[in-house]
Asks: 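Structure provided below as structure tokens; questions to follow.
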Amino acid sequence: MRVSTGIQGLDQILHGGFLPGRVYLVHGQPGAGKTTFGLHFLAAGTPAREKSLLISLGQTEANIRTDASSVGLNIDGVSILDLTPAAETFSESQSYDIFSPAEVEREPLTQEIAKTIQQKDPKRIFVDGFDHFRRLANDAFQHQRLVQSFFRFATQHGATLLIACDDRESLRDVDGVIELAFGPEGRSISITKFRGSDFRPGVHPMRISGQGIQIPGSAA
Ligand SMILES: Nc1ncnc2c1ncn2[C@@H]1O[C@H](COP(=O)(O)OP(=O)(O)O)[C@@H](O)[C@H]1O
Ligand SMILES: [Mg+2]
């Protein structure tokens, strides 16, 4: 049994899609297409009546919903936990003079994430802006513990977890890595790690249009 990525060409590259209950990282510079990729993954749950949850640490819910429709994706059935800071946070930021941002934010954020996952019990979870989540830990050891415990928590009821990161340093605990690139020659996608399965290696050209992400030439 595979979990469709929501991108037909990528499912072919991955010999059917993701493995259920695993953790995947989509990595690439800003603008490479990580958020769009995650929206495909979430939207793919709707036809199968699988619940999908987006945890956003970067963009507001309103912007995400607008962007999804600009690439032709229907995410009406997707729950969004918007963890972007409220406007008031800016004028109340004096607490950062006393405590580090990690200390101020860690508990409320992790509690809200845990509560939402428990309530919604999603089969697909996408965490956008995972770099921010990592920064909730003060040192490398604590960071590793936080990330590992989050991965176990999120997948304990069988959910497949996708995280998006600009910086993939010390994210060695994931089961697979999708690398997106955007340069003078255009966009590309490649798989650099895929535990437990074979995949089609190489750098595959990719497009983003009003129909979302397409990987031409990947047909079997
Ligand atoms: N409707 C569209 N048509 C063509 N390109 C689009 C469209 N929507 C988004 N894009 C492209 O996708 C990029 C956004 O990708 P995004 O998923 O937000 O990247 P990331 O999350 O990695 O920063 C935009 O910079 C734009 O180039
Ligand atoms: Mg993004």
Side-chain angles (χ1 to χ4, degrees), residues 3-11 13-14 17-18 23-46 52-86 105 109 113 116 122 124-136 147 150 154 160-171 174 176-193 203-218:
V3 176
S4 173
T5 62
I7 300 165
Q8 203 193 355
L10 182 61
D11 285 348
I13 289 169
L14 295 178
F18 292 144
V23 182
Y24 296 96
L25 164 69
V26 58
H27 173 253
Q29 67 196 75
K34 301 179 297 297
T35 302
T36 312
F37 183 97
L39 295 177
H40 275 271
F41 170 68
L42 295 173
T46 306
S52 299
L53 172 66
L54 167 58
I55 300 170
S56 178
L57 294 148
Q59 272 168 279
T60 62
E61 171 163 6
N63 286 357
I64 290 163
R65 295 208 180 270
T66 311
D67 291 353
S69 60
S70 101
V71 287
L73 287 168
N74 182 352
I75 58 159
D76 291 350
V78 174
S79 307
I80 299 183
L81 175 60
D82 180 347
L83 293 176
T84 56
E105 289 188 28
L109 274 187
I113 290 171
T116 307
R124 293 166 179 260
I125 304 174
F126 172 46
V127 185
D128 201 11
F130 197 73
D131 310 73
H132 183 80
F133 182 85
R134 292 177 46 207
R135 277 183 226 115
L136 296 173
V147 168
F150 172 66
T160 306
L161 174 64
L162 175 68
I163 58 174
C165 239
D166 298 348
D167 161 20
R168 73 169 181 192
E169 216 183 301
S170 68
L171 274 175
V174 297
V177 178
I178 298 109
E179 195 74 45
L180 303 182
F182 185 29
E185 285 101 61
R187 298 182 183 277
S188 69
I189 184 167
S190 54
I191 309 305
T192 58
K193 174 179 181 177
V203 177
H204 310 273
M206 181 180 110
R207 270 202 323 253
I208 303 182
S209 70
Q211 281 86 53
I213 293 178
Q214 273 149 342
I215 305 172
S218 54

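Atoms within a ligand are numbered from 1 in the order they appear, just like the ligands themselves. Computed from a predicted structure; not experimentally measured. All heavy atoms count here, side chains included; hydrogens, waters and symmetry mates do not.
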Asks: Quick one: which of Thr36, Val71, Leu39, Asp67 has a heavy atom closest to atom 8 (N) of ligand 1?
Replies: Val71
Asks: Quick one: does Arg65's side chain have a donor or acceptor within less than 3.5 Å of a partner on Ile75's backbone?
Replies: yes
Asks: Taking Leu25 as the fixed residue, which of Thr192, Ile178, Leu162, Val177 is the one that meets the side-chain contact (heavy atoms from CB on, under 4.5 Å) rule?
Replies: Val177
Asks: Testing Asp167, Asp128, Asp166 for salt bridge (Lys or Arg N to Asp or Glu O under 4.0 Å) with Lys34, which one passes?
Replies: Asp166
Asks: Determine, considering heavy atoms only, which of Arg187, His40, Gln211 sits nearest to atom 11 (C) of ligand 1.
Replies: Arg187
Asks: Determine whether the side chain, the backbone, both or neither of His27 has a heavy atom under 4.0 Å from any heavy atom of ligand 1.
Replies: neither
Asks: With heavy-atom distances below 4.0 Å as the criterion, list the atoms of ligand 1 near Gly210.
Replies: 1 (N), 3 (N)
Asks: For residues Ala164 and Asp131, report the shortest heavy-atom separation together with the two atoms involved.
Replies: O-OD1, 4.0 Å
Asks: Among all protein heavy atoms in this structure, tell me which lies nearest to atom 19 (O) of ligand 1, with the distance rounded to 0.1 Å.
Replies: Gly33 N, 3.0 Å
Asks: Below 3.5 angstrom, do we get any N/O pair linking Gly31 and ligand 1?
Replies: yes
Asks: Need the ligand 1 atom indices (1-based, order shown) with element for anything under 4.0 Å from a heavy-atom of Gln29.
Replies: 22 (O)
Asks: Output the list of atoms in ligand 1 that are nearer than 4.0 Å to some heavy atom of Pro30, sorted by atom number.
Replies: 23 (O)
Asks: What residue and heavy atom of the protein are closest to atom 6 (C) of ligand 1, and at what distance?
Replies: Ile208 CG2, 3.6 Å
Asks: Answer yes if the ring centres of Phe41 and Phe126 are under 6.0 angstrom apart, and no otherwise.
Replies: no
Asks: Restricting to non-hydrogen atoms, name the atom on Pro216 and the atom on Met206 that form the minimum distance, rounded to 0.1 Å.
Replies: CD-CA, 4.4 Å
Asks: Under a plain distance cut-off of 3.5 Å, with no hydrogens placed, do Thr5 and Asp11 share a side-chain donor-acceptor pair?
Replies: yes
Asks: Side chain of His40, backbone of Ile213: donor and acceptor closer than 3.5 Å?
Replies: yes
Asks: With a heavy-atom distance limit of 4.0 Å, tell me whether Ser70 approaches ligand 1 through its side chain, its backbone, both, or neither.
Replies: both
Asks: What is the nearest protein non-hydrogen atom to atom 22 (O) of ligand 1, stated with its residue, atom name and distance?
Replies: Lys34 NZ, 2.7 Å
Asks: Do the side chain of His204 and the main chain of Ile189 share a donor and acceptor less than 3.5 angstrom apart?
Replies: no
Asks: Within Thr36, is some N, O or S atom less than 2.8 Å away from the Mg ion (ligand 2)?
Replies: no
Asks: For atom 18 (O) of ligand 1, grab the closest protein heavy atom and report residue, atom and distance to one decimal in Å.
Replies: Thr35 CB, 4.0 Å
Asks: Check this for me - ligand 1, Phe37, N or O atoms closer than 3.5 angstrom, yes or no?
Replies: no
